[in-house]
Every structure is written in structure tokens, then in C-alpha cells.
Amino acid sequence: MSTHKWGTQPEFFGPRHEHRLAMIVREIERLPRGARVLDGAVGLGTLARRMQQSGYRVFGIDYAFEAALESKRSGVPATVGDMTRMPFRDGVFDGVTTGETLEHLDDDAAAAREIARVVREGGSVVATVPALRSLWSKSDDYYEHRRRYSRDELRALFRERFTIEKAKFWGFPIILTYDTIFLLPMNKRRARKNVDEDKALRSVASVGRSRVVVNLVRAVFAFDKLFEWLPFGPGLLLVGRKR
């Protein structure tokens with residue numbers, strides 16, 4: 001039985017999460033303000049709210065009822081739905097974001113086809129996924145990942161309908177070190193213990209929501225940009241433009 005409740009997992013908060021969201025928002029901001037953007041899966045709505053604050057009309061979809069409810073409470077309209085069969089008209093969105101989602105799906109190819117269907121011609125997709133099978137760890141087991149991606153595998157999901165403008169690794173070496181030294185031991189502990197009953201895990205969660213701590217650690221993460229030219233890292237960012 002799972003020892004964590006929905007919304008408490010570290011992929012929902014903390015400096016690594018904030019760093020990744022900032023990357024996605026920078027790419028979405030290439031769209032004109034007022035563009036319609038779908039965030040799938042919306043999760044706690046942090047990315048959706050950030051895009052909304054940047055002037056976009058944002059909608060969310062998530063398989064979890066709790067996620068859609070939390071998104072609506074925060075002011076972002078959302079629906080409960082399956083990303084492989086989305087309840088939207090063809091070409092209704094100017095852009096779609098999907099952060100750390102495809103690796104959870106049994107049929108990621110079907111989700112990519114649905115994303116292509118609901119994006120208008122000339123619209124954008126921005127996706128992040130965990131990279132490289134060689135980096136598989138107990139954290140992937142804890143997050144219930146189905147896979148990690150090579151760059152070619154991620155490109156292949158979208159290249160039939162999208163021109164791939166960017167497919168780059170991120171997070172080496174500092175975020176990878178953070179994942180190994182900090183997140184991995186924490187996730188092993190979380191897999192064994194109930195978060196609500198573990199003082200150490202509650203303390204980590206509290207610190208991970210501190211703006212001072214998050215901003216400080218993110219400043220350290222910024223040094224990874226010096227190594228973005230390397231074909232290696234714990235994460236991949238893809239940006240595509242629909243043909």
C-alpha cells in the first residue's frame with residue numbers, strides 16, 4: 001500500500017520542481033499573451049497558475065479528481081480526463097504543456113497524438129520527461145514511472161506532427177547530484193514510512209516550501225546551464241511547433 005497521499009510527493013514542490021516549471025514557462029512565453037494553453041496533467045496547478053499570471057488563458061486536465069478540484073479552487077478551470085482521449089475539439093489550443101507526465105502513461109504515443117490533435121497548426125507543445133534508462137533508480141519506482149527517455153525516443157513521439165525546435169538534456173551535474181544525494185534517500189524513506197507520522201519527512205516538506213530555501217537552491221541549479229551542450233542529464237525538455 002502507498003505510504004504517501006496525493007499532492008505530497010516531492011515532484012509537486014521544492015527547488016527542482018520550481019526550476020523545471022521556470023524552463024517550461026520560458027518556452028510558453030514565446031506565444032502571444034492571451035493564447036489558450038492546456039496544462040496536462042495539471043497536478044497542484046502551480047505551472048498553470050504561473051502561466052495564467054503571465055497573461056495566458058490556461059486550462060487543465062488531469063486523471064486525478066483531486067488535481068482538477070485543486071486547480072479549480074486556485075482559479076484555473078480544469079477537467080478530469082485521460083490524456084490519451086481528451087474531451088476537447090481539434091485545434092482548440094495554441095499550446096500544450098506536459099511536465100513529467102508521459103513517463104507515467106501506459107500509452108505515451110496515444111497521448112502525443114492527442115496533444116497534436118488539440119493543438120492548432122503553428123501551435124506549440126512543451127514537454128519535460130526524465131531522461132536515460134541508465135539513470136533509473138528507486139526514485140523512479142517511488143514515482144511509479146513506466147520509463148525514462150532517450151532524446152531520440154522523445155523526439156519520435158512528436159515528430160510526425162511537430163517540427164522539433166528543441167530537445168535538450170538538463171540538470172547535469174548539479175541537479176543530478178541533488179537527485180542522488182538528497183532526493184533518492186528521501187524517496188526510499190518515503191516508500192517505507194507514512195509521511196504524516198515521520199517528523200523528518202515533514203520537516204523536509206516544510207523546508208521544500210520555503211521561498212528562501214527554494215530560491216537559494218535554484219540559484220545553485222543555474223550553474224547547470226554551463227553544461228547544457230552535453231548529451232547527458234537527468235531530464236529532457238522538448239519544444240515542438242505543429243506543422
Side-chain angles (χ1 to χ4, degrees), residues 2 4 6-27 39-44 46-47 62-64 67 83-84 96-112 115 125-159 162 164 166-191 208 217-218 221-222 224-225 227-240:
S2 176
H4 61 262
W6 182 87
T8 67
Q9 298 97 319
E11 66 265 35
F12 282 108
F13 61 91
R16 193 187 196 282
H17 174 74
E18 294 288 333
H19 180 83
R20 183 176 54 79
L21 295 196
M23 288 194 303
I24 296 173
V25 171
R26 282 196 297 270
E27 299 299 337
D39 185 29
V42 71
L44 291 177
T46 48
L47 173 59
D62 203 292
Y63 193 75
M83 284 190 64
T84 66
V96 173
T97 60
T98 177
E100 309 301 287
T101 301
L102 296 172
E103 67 274 11
H104 292 278
L105 304 179
D106 290 328
D107 194 348
D108 55 348
I115 290 170
V125 59
V126 182
T128 65
V129 296
L132 302 177
R133 291 186 185 90
S134 61
L135 295 179
W136 189 277
S137 73
K138 290 293 184 180
S139 286
D140 295 281
D141 295 329
Y142 173 74
Y143 296 143
E144 299 178 347
H145 289 168
R146 301 291 194 273
R147 64 192 71 83
R148 297 180 74 97
Y149 292 82
S150 70
R151 182 154 51 187
D152 287 344
E153 287 169 339
L154 183 58
R155 284 172 172 158
L157 284 179
F158 292 97
R159 66 186 174 200
F162 290 88
I164 307 303
K166 184 180 296 185
K168 70 173 186 176
F169 289 93
W170 60 273
F172 178 80
I174 295 174
I175 291 177
L176 179 57
T177 302
Y178 172 88
D179 290 351
T180 304
I181 294 176
F182 175 70
L183 277 186
L184 179 57
M186 185 182 74
N187 288 336
K188 287 179 178 179
R189 185 181 182 99
R190 292 169 67 90
V217 177
R218 281 189 61 201
F221 287 172
D224 281 340
K225 289 186 69 67
F227 300 90
E228 285 184 348
W229 57 274
L230 290 171
F232 184 80
L236 275 164
L237 167 72
L238 177 137
V239 181

For this session: For the pair His19 and Phe221, name the ring-plane relationship: parallel under 30°, tilted 30 to 60°, perpendicular over 60°.
Result: perpendicular
For this session: May I ask you to decide if Glu100's main-chain N or O and Thr128's side chain share a donor-acceptor pair within less than 3.5 Å?
Result: yes
Problem set entry | Over all atoms of both residues, closest heavy-atom pair of Trp170 and Leu236 | NE1-N, 3.3 Å
Problem set entry | Nearest non-hydrogen partners of Arg218 and Ala22, listed with the distance | NH2-CB, 3.3 Å
Exercise. Does Arg148 reach the main-chain N or O of Leu132 with its side chain, forming a donor-acceptor pair under 3.5 Å?
Worked result: yes
Exercise. Which pair of non-hydrogen atoms, one from His145 and one from Trp136, has the smallest distance, and what is that distance?
Worked result: O-CH2, 3.4 Å
For this session: Taking the side chain as every heavy atom from C-beta outward, state whether Tyr143 and Pro130 have any pair of such atoms under 4.5 Å apart.
Result: no
Seminar exercise, completed: Hits for salt bridge (Lys or Arg N to Asp or Glu O under 4.0 Å) against Arg151, two or more places apart or cross-chain, chain-then-number order -> none
For this session: Report the residue from Thr97, Thr98, Thr101 that forms a side chain to side chain donor-acceptor pair (under 3.5 Å) with Asp39.
Result: Thr97
For this session: Quick one: list whatever passes side-chain contact (heavy atoms from CB on, under 4.5 Å) with Asp106, sequence neighbours left out.
Result: Arg146
Problem set entry | Donor-acceptor pair, side chain of Thr177 and main chain of Ile175, under 3.5 angstrom | no
For this session: Answer whether the closest heavy-atom distance between the side chains of Phe232 and Leu135 falls below 4.5 Å.
Result: yes
Problem set entry | Under 3.5 Å: donor-acceptor pair, side chain of Asp107, backbone of Thr84 | no
For this session: Take Asp108 and Arg147 through the test side-chain contact (heavy atoms from CB on, under 4.5 Å) and record every step on the way to the result.
Result: CA-CA 10 Å; Asp108 55 348; Arg147 64 192 71 83; 3.6 Å; yes
Seminar exercise, completed: NZ (Lys168) and CG (Leu237) are apart, to the nearest 0.5 Å, by 6.0 Å
Exercise. Given side chains that start at C-beta, do those of Glu27 and Lys166 come closer than 4.5 Å, heavy atoms only?
Worked result: yes
Exercise. Who pairs with Lys138 by salt bridge (Lys or Arg N to Asp or Glu O under 4.0 Å), at least two apart in sequence or on another chain?
Worked result: none
Exercise. At what distance, to the nearest 0.5 angstrom, does CG of Leu184 lie from OG of Ser137?
Worked result: 5.0 Å
Seminar exercise, completed: On a heavy-atom basis, the closest approach of Asp179 and Pro234 is OD2-CB, 3.8 Å
Exercise. How close do Ala67 and Gly43 get, heavy atom to heavy atom, and via which atoms?
Worked result: CB-O, 3.3 Å
Exercise. With a cut-off of 6.0 Å (strictly less than), are more than 12 heavy atoms of other residues, nucleotides or ligands near CZ of Phe182?
Worked result: yes
Exercise. Quick one: do the Tyr178 and Arg16 side chains pair a donor with an acceptor below 3.5 Å?
Worked result: no
For this session: Tell me, please, which residues at least two apart from Thr180 pass side-chain contact (heavy atoms from CB on, under 4.5 Å).
Result: Leu176
Seminar exercise, completed: With sequence neighbours left out, the residues meeting salt bridge (Lys or Arg N to Asp or Glu O under 4.0 Å) with Glu103 are none
Exercise. Does any non-hydrogen side-chain atom of Leu102 lie less than 4.5 Å from one of Tyr149?
Worked result: yes
Problem set entry | Partner set under side-chain contact (heavy atoms from CB on, under 4.5 Å) for Leu230, not counting sequence neighbours | Phe172, Phe227
Problem set entry | Leu47 vs Val25 side-chain heavy atoms within contact, under 4.5 Å | yes
Problem set entry | Closest non-hydrogen atom pair, Ala109 against Leu157 | CA-CD2, 3.8 Å
Problem set entry | Non-hydrogen side-chain atoms of Asp224 and Glu228 separated by less than 4.5 Å | no
